[in-house]
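What follows is one structure encoded as structure tokens, with my remarks underneath.
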Amino acid sequence: MAARILIAEDHPASLELLRYLLSANGYDILSAEDGEAALELARRHPPDLIICDLQMPKKNGYEVVGELKSDPALAQIPVVAVTAFSMIGDREQVLAAGFDGYLSKPIEPEEFVSLIEQYLPLSLRQQHGGR
Amino acid sequence: MPDQVDYRWIADDPDALMMLDHAGKVLEWNDGAERMFGYSRTEAVGTRIHELVTVPGSEAEQDHFIAETIELGRGTFEALRRRSDGTLIYVVISGKVGQGGPGELFLLFSEKDVTQLKVQRDSKSLESKFRELLDSMPDGIVIVNPTGHILIANRQAEWLFGYERDELRARPIEDLLPQRFRGAHKGHRSHYFSAPRTRAMGAGLELYGLRKDGTEFPVEISLSPLKTEETPVVMSAIRDVSERRGFEQTLQEKNLELLAANRAKDHFLASMSHELRTPLNAVIGFTGTLLMKLPGELNPEQTRQLEIVRNNARHLLALINDLLNLAKIEAGKIELNFELIDCGALVGEIAASLRPQALSKGLELIVAMRSDPIVVETDRRALSQIIINLVGNAIKFTVHGSVRIDLALDKAGKKRELVLSVSDTGPGIGEQELSSLFEAFVQGQASRTKGVEGTGLGLHLSRKLAVLLGGELSCTSTLGTGSVFTLTLPEP
């Protein structure tokens, strides 16, 4: 069974890109365009991995990761920030906030899937270890 | 109680009259005494005079008055007395001894308030001695006696507070204070005379003077105790600090403005970075998916054109990165994290990551260093950014031959310094270009004619980072032979 990935992203073109890349690699995609919707979706259909933008309406990425990590039912789901905040220091701030990983935009589409798969257990990876 | 005393006489006298026993205990206390000292008859009778009106510290003087009166049968003394509210007055005391029952002795003290008289007298005497001297001082000077009266105010003080010549003499010092400070000041003042020392008044407090016309101005005051023949006094030097306060306030406001501007700038930079990257994400991303042929096959021309789009998008991204980093450096926002770095290992890693790029151009990438670790205390990120830029440039501009990285730890005086040089067999840089090489958006002739990609900010950024790390970045080059870029980093 394909792993389920939840994408929280408010920028339509970015959402489409991530969804396209991951579906093309066989992943089952859920998506939400704001932080609140993402949390609701995560509670209803716990995914295997969450890709989360930082700047989003209603609840931003930091608030989302905070709530996810304090919910025992969801805390073990890996959450990777994919964000256009990529100034020096942003990575450290993101990891300190509880995210399991950080990828900066613009993403490199050739590498993106294998980078994301590092946060999935081997058995759930479509590319089985990447390129 | 002695019978011989005429109590009515005691009660009616306008002066303060009190009857004491030989130890100073009050036996009688008239209305005059109550008016003068603030203690009622009930409060006073039965209490020793020492605890009522004697200024703390001068109990021996009081004992002396009593002893001398008993010894001589009468006595006249001048003394400072303390009222129940803590304020001080000058009195002249006339003491007499009376006989009560057999062997019973009592004293009758009649005390007259001579404060005003004494103020006038001391003022005159001090004026003749000090006025001229004080008028030559740049600060406002006011000399005050223990009862809080101004004995002398110099010309500057009169001018500061808006008074005519000699108008301040004999006024209570509290006249120069705004109403709200007066109560507390009387207390401080009386206290000061019991332990006088030179000090700044109200350190850390905002003090204000009150002009005759009712306006206030901020002051700075220093106090010095002074013993004169006539009386102990305190000299206050008063300075109007309106102008300085004004400057301080303006500076503080300016600081806040700068802080806000700085924050706004930070926010602007972060937002700009975010907003520029977001659309680029879609451009680079979808160009990538097309080139990966995920949606379907491409013909060779489509592939070529999409690669042009992707290269230019990446160039734009590199520019954004460099510009933002530069802006951060200029704003002093780069946080350096100095730690011990194994530079040999770092250079090894960078060389390994860039070697494929060199090999694809048929270039050799050589690393030359000692085998033992070269460890320096520096910021890893900044150092690698510089090395990546130098090696990347060398590979980019060299058509055949090699790129060589030399790493050594040299002695520079007492300290050691890291010397890293990147040499190439590229086209070299002309003397004229060499002089402006590290400026922004200046690229060598080669890059323009050979169409080599670059933002024109790499060396500019690298030199800024080198300086941030406490080091230097320099270049020597011979046209047609190659260039050597050298980074020196002294140990901190």
Side-chain angles (χ1 to χ4, degrees), chain A residues 7-27 29 31 33 51-57 60-62 80-96 102-116 126-127 130-131, chain B residues 265-296 306-307 309-310 312-329 331-337 379-382 384-385 461 465 468:
Chain A
I7 305 172
E9 169 66 75
D10 68 322
H11 186 251
S14 292
L15 175 57
E16 190 184 333
L17 176 64
L18 298 182
R19 179 205 294 279
Y20 182 82
L21 273 169
L22 292 165
S23 334
N25 278 275
Y27 288 101
I29 303 301
S31 67
E33 297 187 17
I51 290 174
C52 190
D53 188 16
L54 289 184
Q55 186 174 290
M56 285 185 294
N60 66 29
Y62 289 111
V80 181
V82 175
T83 173
F85 284 112
S86 66
M87 304 268 283
I88 292 169
D90 285 337
R91 170 188 294 271
E92 290 72 10
Q93 196 185 333
V94 160
L95 295 180
Y102 166 94
L103 292 175
S104 72
K105 289 177 190 165
I107 59 160
E108 282 295 339
E110 290 85 349
E111 297 167 357
F112 182 74
V113 174
S114 61
L115 286 175
I116 280 294
Q126 298 293 317
Q127 296 186 358
R131 298 186 290 170
Chain B
K265 197 169 160 189
D266 281 0
H267 183 74
F268 178 76
L269 275 182
S271 301
M272 186 168 76
S273 163
H274 185 269
E275 295 313 302
L276 290 171
R277 271 164 213 281
T278 301
L280 264 185
N281 188 41
V283 174
I284 293 178
F286 282 115
T287 316
T289 56
L290 286 171
L291 282 166
M292 285 159 80
K293 300 180 178 130
L294 288 177
L306 278 170
E307 271 166 358
V309 173
R310 181 165 65 182
N312 279 277
R314 284 186 176 153
H315 184 75
L316 187 55
L317 177 62
L319 265 171
I320 292 168
N321 283 339
D322 285 357
L323 277 173
L324 290 170
N325 274 332
L326 203 60
K328 272 210 145 182
I329 293 177
K333 294 290 176 200
I334 294 277
E335 280 171 33
L336 296 176
N337 176 24
D379 179 85
R380 175 183 288 274
R381 196 159 44 197
S384 22
Q385 197 174 335
L461 253 176
L465 286 171
L468 272 183

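Here is the naming used below: chain letters follow the sequence lines, and residue numbers restart at 1 for every chain.
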#### Entry: side chain to side chain contact (heavy atoms under 4.5 Å, CB included) partner of T287(B), the single match among V283(B), T289(B), L290(B)
V283(B)
#### Entry: Close side-chain approach of T83(A) to Q55(A), heavy-atom, < 4.5 Å
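T83(A) does not reach Q55(A) side chain to side chain.
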### Message
Can you tell me which of A270(B), A282(B), P295(B) forms the most heavy-atom pairs within a distance under 4.5 Å of chain A?
### Response
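Counting heavy-atom pairs under 4.5 Å, the top option is P295(B).
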### Message
Please classify the contact of E108(A) with chain B as side chain, backbone, both or neither, using a heavy-atom distance under 4.5 Å.
### Response
side chain
### Side chain, backbone, both or neither of F112(A) within contact of chain B (heavy atoms, under 4.5 Å)
neither
### Message
Please give me the minimum heavy-atom distance between M56(A) and G61(A), naming the atom from each residue.
### Response
CE-N, 4.0 Å
### Task
Mind listing the closest non-hydrogen atom pair of P106(A) and N281(B) along with its distance?
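The answer is CA-OD1, 3.3 Å.
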### Task
For the residue pair S273(B) and R277(B), confirm or rule out a side-chain donor-acceptor distance under 3.5 Å.
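Note: S273(B) and R277(B) side chains meet the donor-acceptor criterion.
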### Query
Where on L276(B) is there a heavy atom nearer than 4.5 Å to chain A: the side chain, the backbone, both, or neither?
neither
### Task
With a 4.5 angstrom heavy-atom cut-off, could you sort out which part of L294(B) is near chain A: side chain, backbone, both or neither?
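Contact with chain A is through both the backbone and side chain of L294(B).
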